[in-house]
Amino acid sequence: MLPKLLSREFYERSPEIVAERLLGKRLGRKLGETLLEGIIVETEAYFGLNDPASRAYHGRKNYNSAMWEQPGIAFIYNVHNNWMFNVVAHRSNQIGAVLIRALEPTKGLSVMKRNRPVRNTFDLTNGPGKLTKSLGIDKKLNGISIVSRESEIFITDTNAKFETSSSHRIGVRKDLAKKLRFFIKGNKYVSR
DNA sequence: AGGAAGATCTACT
DNA sequence: GTAGATCTTCCTA
């Protein structure tokens with residue numbers, strides 16, 4: 001039996017809830033015939049106009065418009081020459097996204113290493129810019145749906161059990177009072 | 001034309 | 001652990 005694909009409804013909740021619930025889920029990336037896969041081990045939630053760390057803070061622009069659109073699509077943008085992969089997540093008529101910060105790679109490691117040559121397997125996907133490089137994700141995939149099995153990127157459910165923890169978001173200049181970074185406790189692929 | 005950015009790498013103490 | 005260079009993308013002017 002195929003693992004259960006996360007539906008549109010999964011993403012139609014506050015980014016904070018979705019960020020926490022995405023931990024332990026399986027992220028699949030189809031590259032032609034090849035399937036790359038990893039477990040999501042670290043995420044961050046971003047809100048809209050009231051969140052100074054959010055790409056949406058300064059209002060809707062060409063590059064950030066995905067954050068206003070339908071939950072369950074990819075939102076990809078560049079920072080310091082690194083692509084950031086986010087999933088759009090918010091309640092209806094709101095704004096928000098979840099940044100995928102780190103994965104534990106499970107399938108297609110040799111292809112990932114070709115995309116991003118590193119000595120140590122731990123360095124393959126333990127940061128937001130690293131995992132997009134390893135998985136071959138860039139702006140071309142901005143706005144694609146990830147709630148169909150035909151998608152180039154999709155996320156499936158697992159029944160893994162683990163402990164989670166949270167902290168303030170990494171690298172942001174002005175963070176909110178809430179802790180919006182979530183990670184799997186003790187996982188070796190968490191970025192720090 | 002200039003600047004800022006949710007990062008990463010390298011080279012250190 | 002921390003500091004500095006990086007040299008893309010998209011913003012504002």
Side-chain angles (χ1 to χ4, degrees), chain A residues 11 14-23 27 29 38 40-69 71 73-90 94-105 109 112-144 146 153 155 164-184 186-192:
Chain A
Y11 303 100
S14 154
E16 188 179 359
I17 304 285
V18 175
E20 193 169 14
R21 299 290 176 82
L22 277 176
L23 292 177
L27 176 76
R29 164 74 170 118
I40 298 171
V41 300
E42 180 181 351
T43 59
E44 281 177 359
Y46 287 86
F47 296 95
L49 302 171
N50 299 318
D51 179 357
S54 173
R55 289 283 125 153
Y57 185 56
H58 296 291
R60 186 169 178 154
K61 315 277 183 197
N62 234 343
Y63 79 104
N64 64 13
S65 60
M67 287 186 78
W68 277 256
E69 291 169 18
I73 65 172
F75 167 44
I76 297 166
Y77 65 88
N78 188 284
V79 57
H80 293 273
N81 202 16
N82 295 290
W83 295 107
M84 301 291 120
F85 173 66
N86 302 248
V87 182
V88 174
H90 55 76
Q94 302 212 10
I95 304 162
V98 174
L99 171 68
I100 309 299
R101 283 194 57 92
L103 302 174
E104 176 177 340
L109 287 270
M112 292 189 202
K113 280 178 180 158
R114 203 186 317 145
N115 290 338
R116 181 179 152 77
V118 286
R119 284 208 186 109
N120 193 328
T121 301
F122 287 115
D123 288 327
L124 226 32
T125 53
N126 63 343
K130 299 179 184 180
L131 69 91
T132 54
K133 193 85 200 287
S134 291
L135 297 185
I137 294 173
D138 66 18
K139 192 190 166 75
K140 289 195 298 292
L141 299 172
N142 188 36
I144 66 161
I146 63 160
I153 303 173
I155 302 178
T164 66
S165 188
S166 64
S167 79
H168 284 286
R169 295 176 293 188
I170 290 178
V172 312
R173 288 140 67 108
K174 287 188 224 160
D175 205 353
L176 298 173
K178 279 185 183 176
K179 290 184 174 174
L180 294 171
R181 169 177 175 252
F182 304 94
F183 56 95
I184 294 182
N187 187 285
K188 296 287 191 298
Y189 292 86
V190 171
S191 68
R192 63 172 75 165

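Here is the naming used below: chain letters follow the sequence lines, and residue numbers restart at 1 for every chain.
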Distance below 4.0 Å between R101(A) side-chain N/O and dA7(B) OP1 or OP2 = yes
To the nearest angstrom, how far is M84(A) atom CE from dT8(B) atom C1'?
-> 9 Å
Between I76(A) (CD1) and dA7(B) (P), how many Å, whole number?
-> 16 Å
Residues R169(A), D51(A): salt bridge by 4.0 Å N-O rule | yes
Does R101(A) use its side chain to pair, donor to acceptor, with the backbone of E44(A) at less than 3.5 Å?
-> no
Whole angstrom is fine here: how far is it from CZ in R169(A) over to P in dA7(B)?
-> 11 Å
CG of N126(A) versus P of dA7(B): gap in Å, rounded?
-> 13 Å
Does E69(A) pair with R60(A) as a salt bridge, N-O distance under 4.0 Å?
-> yes
Rounding to a whole Å, what distance do you find between N82(A):CG and dA5(C):C1'?
-> 14 Å
Distance below 4.0 Å between R192(A) side-chain N/O and dT2(C) OP1 or OP2 = no
If you restrict it to nitrogen or oxygen atoms, what contacts under 3.5 Å exist between nucleotides 8-11 of chain C and the protein, and what is each distance?
residue	atom	partner	partner atom	Å
dT8(C)	O4'	N81(A)	OD1	3.1
dT8(C)	O2	N78(A)	OD1	3.4
dC10(C)	OP1	K139(A)	NZ	2.4

Quick one: is K133(A) getting a side-chain N or O under 4.0 Å of the dA7(B) phosphate, OP1 or OP2?
-> no
How many Å lie between CD1 on I100(A) and C1' on dA7(B), as a whole number?
-> 16 Å
